[in-house]
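Notes follow the structure.
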Amino acid sequence: MDMIEVTVEQVIRRPLAEVSRQFGDVRHHAANRVHPKLTFEILSEQGDTIRFRQHVSLLGIRQTDEIVQQRRADGSLYSDIVSGTNEGSIITQAFAPEGDAATRVVFTIKIPAKGVKRLLKPFFAAAIRKTVRDAFAEDRYDLEERGYRPA
């Protein structure tokens, strides 16, 4: 299947454990509006797995997805989009130390290029890249400036 794949990396000046925890803390993101353009609705949570609904507009198209996010043993996050606009997509977020007090985050999303997304693949890839970069800036602000506090 034809896929749109986007990878974005960012260094955040906070320790790895804190960055990894914040990125996976959907409750914190929802309660504190870390990403003003995204809304989250928690559906269930059990151990290292959380199921939630996410709403976002991309290229003016309102998108709603149901996501199952799992924290893996190495601390990375793996998300399946199980239903919605981007069903069949996979998101991975990996974390690595960058010196003593910073963390490199590597975010990768793979989205099936179907319908209008197939026709406008470069535009969707660019819009996704911008959305992810904006979200990184918001997470960086939450961690470095505001001071992340777990939900």
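Heavy atoms only: backbone and side chains are in, while hydrogens, waters and symmetry mates are out.
Nearest approach of Asp25 to Pro150, heavy atoms of both residues: OD2-CA, 3.6 Å. Between Gln69 and Gly24, the shortest heavy-atom distance links the atoms NE2-O, 3.2 Å. What you find for Asn32 and Arg146 is that their closest heavy atoms are O-NH1, 3.5 Å.
Side chains of Ile12 and Glu18 form no contact here, defined as non-hydrogen atoms less than 4.5 Å apart. For the pair Phe95/Leu77, a side-chain contact is recorded, criterion being any heavy-atom separation below 4.5 Å from C-beta on. Contact check for Pro112 versus Met3: side-chain heavy atoms found under the 4.5 Å cut-off. At a threshold of 4.5 Å between non-hydrogen side-chain atoms, the residues His29 and Gln22 count as touching. Proximity of Glu45 to Val26: side-chain heavy atoms (C-beta onward) are nowhere separated by under 4.5 Å. A heavy-atom distance below 4.5 Å is not found between the side chains of Lys37 and Glu138. Taking 4.5 Å as the limit, some side-chain heavy atom of His28 sits within range of a side-chain heavy atom of Asp142. Counting heavy atoms from C-beta outward, Val105 and Phe136 have side chains that approach closer than 4.5 Å.
Going from atom CD1 of Ile128 over to atom CD of Glu5 covers 11.0 Å, rounded to the nearest 0.5 Å. Summarising the geometry, atom CZ belonging to Arg71 is positioned 11.0 Å from atom CZ belonging to Phe23; distances are rounded to the nearest 0.5 Å.
Under a 3.5 Å cut-off, the side chain of Asp74 and the backbone N or O of Ser76 do form a donor-acceptor pair. Using a distance-only test at 3.5 Å, with no hydrogens or angles considered, a donor-acceptor pair links the side chain of Asp65 to the main chain of Thr85. The main-chain N or O of Glu9 is never found under 3.5 Å from a side-chain atom of Arg133 such that the two would form a donor-acceptor pair. Using a distance-only test at 3.5 Å, with no hydrogens or angles considered, a donor-acceptor pair links the side chain of Ser20 to the main chain of Gly75. The closest donor-acceptor contact from the side chain of Gln54 to the backbone of Leu38 lies at 3.5 Å or more, if one exists at all.
Between the side chains of His35 and Asp134, not a single donor N or O lies within less than 3.5 Å of an accepting N or O.
Among residues two or more places apart in sequence or in another chain, the side chain to side chain donor-acceptor pair (under 3.5 Å) test is passed with Thr49 by none.
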Does the side-chain contact (heavy atoms from CB on, under 4.5 Å) test come out yes or no for Gln70 and Asp48, once each step is laid out? CA-CA 6 Å; Gln70 298 176 315; Asp48 289 335; 5.9 Å; no
Take Arg118 and Ile4 through the test side-chain contact (heavy atoms from CB on, under 4.5 Å) and record every step on the way to the result. CA-CA 8 Å; Arg118 180 181 217 139; Ile4 299 169; over 6 Å; no
Evaluate the side-chain contact (heavy atoms from CB on, under 4.5 Å) criterion for residues Thr108 and Val6: first the C-alpha distance (whole Å), next the side-chain angles of each, then the deciding distance (0.1 Å), finally the verdict. CA-CA 6 Å; Thr108 301; Val6 173; over 6 Å; no
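Residues in residues 61-81 take part in no ring pair (Phe, Tyr, Trp, His ring centres under 6.0 Å) pair, two or more places apart or across chains.
Using a cutoff of 4.0 Å between basic side-chain nitrogens and carboxylate oxygens, Glu145 and Arg140 are scored as salt-bridged. Under the 4.0 Å criterion applied to side-chain N and carboxylate O atoms, Glu144 and Arg14 are not assigned as salt-bridge partners.
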